[in-house]
Amino acid sequence: MSADITSDIDFDHHSDEANADPVAYYARFRETCPVGRSAAHGGFHFTTRYADVARVARDDATFSSARSDHGGQGVGIVIPKGPGLEQYPIELDPPRSTEYRQLINPLLTPAAVEQLVPMIERHAARVVDDFIELGSCDFVRDLTNPLPAAVTLDWLGFPQEDWAKLAGPIHDIFAAPAGSERAARGAAGLAYMDRRIRELIAERRSAPRADAVTTLLAGRRGDGSEFGEDELVSVIGLLIAGGVDTTTSLTGSTLVHLARHPEQRQRLIDSLDLLDTATEEFLRTFAPSQSMARTVTQDVEVGGRPMRSGDRVLIPWVAANHDPAVFPDPERVRLDRDASRHLSFGIGSHRCAGAHLARAMFRAMMTQVLTRLPDYRVIEEGLVPYPTRGNQSGWDAVPAVFKPGPRATASAETVRALSTPAPLRVTAVRVAAEGVVAVDLGLPDGGELPAWRPGAHVELRLPSGRLRQYSLCGDPADATTWRIGVLREPRGRGGSVELHELARTGATFAIRGPRNHFPLTPASSYLFLAGGIGVTPILAMVREAAGRGTPFTVVYGGRTRSTMAFADELAAVAGDALTLLPQDEAGLPDLPRLLGGLDADTAVYACGPAPMLAAVEHECARLGLTDRLHLERFTAGDDLETAFDAAANRPFEVQLARTRVTLTVPADRRLIEVLRDAVSGLSYDCEKGYCGACETRVLAGTPEHRDSVLNEKERLAGRSMMICVGRCQGDRLVLDL
């Protein structure tokens with residue numbers, strides 16, 4: 001039964017019950033009182049559903065982030081309020097916050113962060129070198145605190161002697177109980193940080209360097225005026241706080257989880273590229289910032305509960321991230337879940353500007369641990385959690401032991417994966433079977449592409465904004481060409497139809513990768529099972545096994561012989577080891593026979609339609625072969641892709657109001673691709689219309705909305721749009737850029 005909306009609820013996100021299990025705590029209230037009012041901490045409203053949290057976070061006009069006297073003095077974005085330096089721009093509302101975001105954003109774009117990756121990886125290897133020979137460490141003290149500190153402060157321009165002095169106080173503030181001696185020590189450290197920031201500003205004014213502080217000093221407002229010293233101190237202080245401890249928290253929580261779930265740790269070790277997808281799931285599950293708060297500026301109703309001007313409202317990211325209406329089976333960590341709709345970076349104008357940097361630091365630390373400390377064991381008795389998880393969650397100590405290893409050695413330079421989407425040109429297209437085309441892709445200049453191994457896939461962004469994954473099925477030795485096979489699915493979600501229509505020699509597509517979630521691990525022999533278009537990764541694996549001289553058997557099934565792509569290529573490599581099973585001629589594979597007589601060390605690789613994979617899984621479980629089974633699934637993921645006909649795309653013009661520049665968006669390019677070429681520091685993240693990072697004001701014209709962020713009222717109003725997927729219903733848009 002729902003609670004009376006006029007009565008206060010016994011709710012406190014800092015209580016012992018909430019600290020013990022925040023997810024279960026919020027779930028209980030989501031079921032009984034999804035929006036309520038608590039008398040704790042001077043009184044406040046709380047929300048528990050994704051939709052309500054997102055609505056409050058995005059409505060800056062009604063729910064303010066700015067400091068005020070409501071609810072006491074101090075930091076206005078948490079409940080209860082506490083002492084702290086004012087943080088620009090997170091404690092400001094638009095339009096005041098906008099000029100500070102425009103100052104910060106160019107430093108933290110995907111392209112800018114990509115330039116920092118070698119520095120991040122260098123620091124990560126150095127930090128692990130300091131303890132890897134010892135066979136033990138405290139992950140917080142020795143890795144997850146010093147690495148983000150070194151990266152953030154090095155990037156900003158602070159000398160090395162400052163790194164530990166500035167990182168310690170930040171961690172103390174997040175990890176110490178309010179009013180404790182440690183909290184007082186953290187506050188004193190913040191005073192030191194304020195002084196050092198001012199000193200560094202003075203140094204860079206007189207002697208600029210190639211660092212972020214120098215870049216910030218060169219920034220100007222829209223009217224050309226400089227930012228004042230106090231403003232820059234606030235901005236830099238927020239960058240330090242955001243960069244140092246939030247990634248510490250996420251990495252520590254992930255390391256503890258993987259220690260408790262060794263099967264997931266092993267899966268990441270075997271398929272390190274899966275970390276890209278898993279990062280979003282870890283962010284969803286272990287949000288470092290558990291909640292934030294806003295102040296109501298005008299009477300409003302949320303979830304049926306009236307709120308008055310001056311009321312305080314809690315928006316818990318952790319509750320939104322575990323709302324089963326958005327994330328099915330939310331308590332379960334699924335490494336391959338598409339969790340990019342999580343709110344751990346927030347949503348709206350205050351979405352974390354450092355999201356790309358945080359991911360890069362997290363991945364560098366996790367890569368070091370998974371590759372160099374794969375057998376680590378966390379000492380459970382020594383774990384020390386944060387004293388309260390109401391605002392920030394994490395571990396204060398994560399002691400661990402592992403097999404000692406050698407210090408890192410310099411490795412040869414390799415071609416990196418395309419971690420940010422790059423335009424690749426279609427160099428050839430041919431029919432591979434009925435309804436299937438083989439598409440060859442290469443760099444426009446004909447240069448070398450990143451290397452790949454069998455099982456790898458690439459992520460292809462279509463002009464419509466749709467995102468699709470395709471296995472590479474060509475020859476890894478061909479350094480200039482990636483080949484994919486695409487089945488046309490008229491009853492699908494539109495991506496395959498769009499690609500079939502647009503894949504012509506000379507066409508370009510934005511592509512990222514390769515990534516490998518389905519690697520071919522060494523074995524004494526293999527059984528390869530392919531179904532339909534699932535033959536694409538299997539083809540590359542068969543080539544690899546044949547090249548190694550490893551015994552193998554291939555069974556390839558399809559609806560009819562004419563629909564079975566690459567059968568000739570597979571036969572040329574596999575010879576007598578191949579069995580073709582067109583269903584209309586031979587029926588379904590006899591799985592009990594195929595799997596029942598395997599040698600003891602034969603590895604089983606299967607890729608194909610869901611019913612086929614379910615049958616293979618069932619039979620392997622019955623025979624006790626699950627530990628030898630490797631699957632590649634073709635799924636639609638957890639996305640909220642809007643249905644539309646991409647063939648109806650048409651060109652339009654977009655005018656940038658602030659610069660008076662007019663650009664043309666062709667039918668075969670996305671709006672954001674055109675804008676990226678013209679606008680420095682453009683804010684965006686997921687590029688799927690999920691996260692709201694790219695929301696842009698529309699001053700004229702009618703946008704065509706293809707996102708899952710805006711509600712129906714906002715769509716009809718047409719005052720803003722998600723430029724990563726949206727287009728124009730007419731011939732012209734005017735954007736506030």
Side-chain angles (χ1 to χ4, degrees), residues 258 262-278 335-336 366-376 402-403 405-406 409 411-412 414-415 417 450-457 471-479 513-530 534-556 569-570 573-579 594-608 613 616-617 619-621 623-633:
L258 292 178
E263 75 288 351
Q264 291 194 346
R265 171 169 40 173
Q266 189 59 51
R267 189 178 174 195
L268 288 171
I269 290 170
D270 292 341
S271 181
L272 199 58
D273 283 341
L274 183 57
L275 189 58
D276 272 3
T277 301
L335 300 182
D336 55 1
M366 291 304 304
T367 298
Q368 286 289 318
V369 172
L370 293 170
T371 57
R372 301 180 68 190
L373 317 171
D375 65 339
Y376 78 88
F402 49 86
K403 181 181 179 180
T409 57
S411 58
T414 59
V415 179
W452 62 280
R453 304 296 299 171
H457 69 270
S471 295
L472 293 173
C473 59
D475 184 355
D478 184 349
R515 301 295 183 202
N516 201 333
H517 303 169
F518 189 44
L520 184 65
T521 56
S524 61
S525 60
Y526 298 102
L527 170 61
F528 297 113
L529 302 173
V535 71
T536 50
I538 297 299
L539 175 57
M541 290 180 176
V542 170
R543 285 198 189 98
E544 177 77 7
R548 294 179 188 171
T550 305
F552 63 86
T553 300
V554 191
V555 178
Y556 177 19
E569 290 182 46
L570 199 55
V573 178
D576 293 341
L578 170 65
T579 300
L594 289 169
L595 296 168
L598 293 181
D599 292 341
D601 297 322
T602 298
V604 180
Y605 280 78
C607 184
L613 297 185
V616 172
E617 277 188 300
E619 191 62 24
C620 283
L623 296 171
L625 302 177
T626 300
D627 61 335
R628 289 194 263 162
L629 175 62
H630 306 263
L631 299 177
E632 175 83 314
R633 300 184 188 276

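Just so it is clear, the values below take in all heavy atoms, side chains as well, and ignore hydrogens, waters and symmetry mates.
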Steps toward side-chain contact (heavy atoms from CB on, under 4.5 Å) verdict (His517, Asp336): CA-CA 9 Å; His517 303 169; Asp336 55 1; 5.9 Å; no
Where is the tightest heavy-atom contact between [X] and [Y], given as atom of each residue plus distance?
X      : Y      : value
Gly474 : Ala540 : O-CB, 4.4 Å
Leu594 : Leu527 : O-CD2, 4.0 Å
Ala523 : Thr550 : O-CG2, 3.5 Å
Ala606 : Val616 : CB-CG1, 4.3 Å

Any residue meeting ring-ring contact (aromatic ring centres under 6.0 Å, His included) with Tyr376, in chain and number order, not counting sequence neighbours: Phe139
Qualifying side-chain hydrogen bond (donor to acceptor under 3.5 Å, both in side chains) pairs with a residue from residues 595-604, counting only residues at least two apart or across chains: Ser525-Thr602
If I take atom [atom1] from residue [X] and atom [atom2] from residue [Y], how far apart are they, to the nearest 0.5 angstrom?
X      : Y      : atom1 : atom2 : answer
Leu373 : Gln368 : CG    : CD    : 8.0 Å
Leu274 : Leu370 : CG    : CG    : 10.5 Å
Thr626 : Glu619 : OG1   : CD    : 10.5 Å
Glu632 : Met541 : CD    : CE    : 7.5 Å
Asp475 : Leu539 : CG    : CG    : 9.5 Å

Check against side-chain contact (heavy atoms from CB on, under 4.5 Å), Val554 and Phe552: CA-CA 7 Å; Val554 191; Phe552 63 86; 3.6 Å; yes
Test item: Ile538 and Tyr556 side chains (from C-beta on) under 4.5 Å apart, heavy atoms: no
Partner residues of Thr367 under the side-chain contact (heavy atoms from CB on, under 4.5 Å) criterion, sequence neighbours left out: Leu272, Leu275, Thr371
Under the side chain to side chain donor-acceptor pair (under 3.5 Å) test, residues paired with Thr521 that sit two or more places apart: Tyr605
With Thr579 via side chain to side chain donor-acceptor pair (under 3.5 Å) - residues at least two apart: none
Identified side chain to side chain contact (heavy atoms under 4.5 Å, CB included) counterpart of Tyr526 within the set Leu520, Thr553, Val604: Leu520
Chi angles and distances behind the side-chain contact (heavy atoms from CB on, under 4.5 Å) call for Asp270, His630: CA-CA 11 Å; Asp270 292 341; His630 306 263; 5.9 Å; no
Ionic contact status for Glu263 with Arg267, cut-off 4.0 Å: no
Arg515 bridged to Asp276 by N-O distance under 4.0 Å: yes
Donor-acceptor contact below 3.5 Å, side chain Arg453 vs main chain Pro476: no
Counterpart residues, salt bridge (Lys or Arg N to Asp or Glu O under 4.0 Å), relative to Arg628 (two or more places apart): none
Neighbour count above 12 (heavy atom, 6.0 Å) for Asp627 CG: yes
